Chemist: 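One structure coming up, written as structure tokens, with questions to follow.
Fair warning: this is a prediction, and the values are worked out from it, not measured in the lab. Each chain gets a letter, A, B and so on, in the order its sequence line appears, and its residues count up from 1.
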There are 2 protein chains.
Amino acid sequence: MDRVTLHHDLREHHRKLTRARQAVLEILTQANRHLTPAAVYRKAKIKYPHLGLTTVYRTLDLLVELGYIRRIHFADGCHSYAATAQAHGHHLVCSVCGRAEEFGNCDLEALMKSLQAKTGFEISVHVLELMGLCPECRAKSRAPKRKK
Amino acid sequence: MDRVTLHHDLREHHRKLTRARQAVLEILTQANRHLTPAAVYRKAKIKYPHLGLTTVYRTLDLLVELGYIRRIHFADGCHSYAATAQAHGHHLVCSVCGRAEEFGNCDLEALMKSLQAKTGFEISVHVLELMGLCPECRAKSRAPKRKK
DNA sequence: TCTCCAATTGAAAATAATTTTCAATTACGG
DNA sequence: CCGTAATTGAAAATTATTTTCAATTGGAGA
């Protein structure tokens, strides 16, 4: 999660701890929401102006590989990224404010077992994304009387 | 599923039944696997050589909207499409041969209810994709002794 | 069957998202 | 500090998708 651990993980893979990588991870861990590569770039560039977009793409891949962040797949085909705390977590994303809540035990075991039995498939990968309204945005949308 | 139903559904939306649309749907319903837009284009062009790629994109969107096909999201961010029989189905996809098996009742109800209670989110959309090896490809990979 | 018009089409251009290339720079083990 | 492999950013290239627009076509109604 933090810089020390990252440095250690990187060393194990013969990779270096650079300012670009620190900036990208920092932005995502502090954001508490999902961010597109372009948004990460915009925000991280403030902390580290020399940063390039290419490096953001490369760093996002690396951080996914190391398990620090996760790629989120939207129904419309867009992608963004959010920081992770758990090893096999998923994200519950607010479609209004973008807040990304992590949850573990997606509990697809039963479903997968029954499908393996029924179809003979050997399931190895799953993509699961849940989207909706977070409590705050729900409240706002329920009482939309305000301005003007 | 078939032409008659499609014609009817299209009419309800003030849309027309065209040769391009028939060709695209036919390719997907006969394929029994997922296909990228480019692959649909390649195959459908054989049936209807005048077809353009732009129309394939537009038709895929339309058929998703009408529920005839479903978009499949891969972990790496690629997309393809597969024909559907059920209204709220998902696809179980073979990562080797691409075969797409449809299944219903993904049974995320329990998970979603517990998450709604725990987080206060109001979940409205879910993306669920399962990938693995179909029985045939499993058999082949288990006994890979053959050529040469 | 014929007519008419909105819906549809394909080609080309435009856009968006991502990746590759490459020479210059940087982190870090020794 | 030094040497070197890893990393970087800019620019170019690639890929996927969308927009534009004039020409065509399906099908409801005469």
Chemist: With a cut-off of less than 4.0 Å, is there a side-chain N or O of Arg21(B) near OP1 or OP2 of dT9(C)?
Modeler: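 Affirmative; the distance criterion is met.
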Chemist: Could you state the atom-to-atom distance from OH of Tyr41(A) to P of dA17(C) in whole Å?
Modeler: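 From Tyr41(A) OH to dA17(C) P: 15 Å.
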Chemist: Return the value, rounded to whole Å, for the distance between atom NE2 of His14(B) and atom C1' of dC5(C).
Modeler: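 Those two atoms, NE2 and C1', are 14 Å apart.
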Chemist: Could you write nucleotides 18-26 of chain C as a row of B, S and -, 5' to 3', where a protein heavy atom under 4.0 Å of any base atom gives B, of only sugar-phosphate atoms gives S, and otherwise -?
Modeler: BBBB----B
Chemist: Show me the side-chain donor-acceptor pairs of residues 105-122 of chain B shorter than 3.5 Å, one per line, residues at least two apart or across chains.
Modeler:
from: Thr119(B); atom 1: OG1; to: Leu115(B); atom 2: O; distance (Å): 2.7
from: Thr119(B); atom 1: OG1; to: Phe121(B); atom 2: N; distance (Å): 3.2
from: Glu122(B); atom 1: OE1; to: Arg138(A); atom 2: NE; distance (Å): 3.0

Chemist: With sequence neighbours left out, write down each residue that passes salt bridge (Lys or Arg N to Asp or Glu O under 4.0 Å) with Glu136(A), or none if nothing qualifies.
Modeler: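 Expected list: Arg99(A).
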Chemist: Got a sec, which residues hit ring pair (Phe, Tyr, Trp, His ring centres under 6.0 Å) with Phe74(B), two or more places apart in sequence or on another chain?
Modeler: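 Testing Phe74(B) for ring pair (Phe, Tyr, Trp, His ring centres under 6.0 Å), a comparison that skips the adjacent residues, returns His34(B).
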Chemist: May I have the list of side-chain donor-acceptor pairs in residues 87-98 of chain A shorter than 3.5 Å, sequence neighbours left out?
Modeler:
from: His90(A); atom 1: ND1; to: Leu128(A); atom 2: O; distance (Å): 3.2
from: His90(A); atom 1: NE2; to: His126(A); atom 2: NE2; distance (Å): 3.1
from: His91(A); atom 1: NE2; to: Ala83(A); atom 2: O; distance (Å): 3.2
from: Ser95(A); atom 1: OG; to: Gly132(A); atom 2: O; distance (Å): 3.1

Chemist: Among all residues two or more places apart in sequence or in another chain, which pass the side-chain contact (heavy atoms from CB on, under 4.5 Å) test with His79(A)?
Modeler: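 Result, side-chain contact (heavy atoms from CB on, under 4.5 Å) vs His79(A): Arg71(A), His73(A).
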Chemist: Taking only side-chain nitrogens and oxygens of His7(A), does any of them come within less than 4.0 Å of OP1 or OP2 of dA27(C)?
Modeler: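 Indeed not, no polar side-chain atom of His7(A) lies that close.
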Chemist: Is a side-chain donor or acceptor of Thr84(A) paired with a backbone partner of Glu102(A) at a separation under 3.5 angstrom?
Modeler: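 No, Thr84(A) side chain to Glu102(A) backbone: no donor-acceptor pair under 3.5 Å.
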Chemist: Report which part of the nucleic acid Ala38(B) touches: base, sugar-phosphate, or nothing (heavy-atom distance under 4.0 Å, all strands).
Modeler: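 If one applies the 4.0 Å heavy-atom cut-off, Ala38(B) turns out to touch nothing in the nucleic acid.
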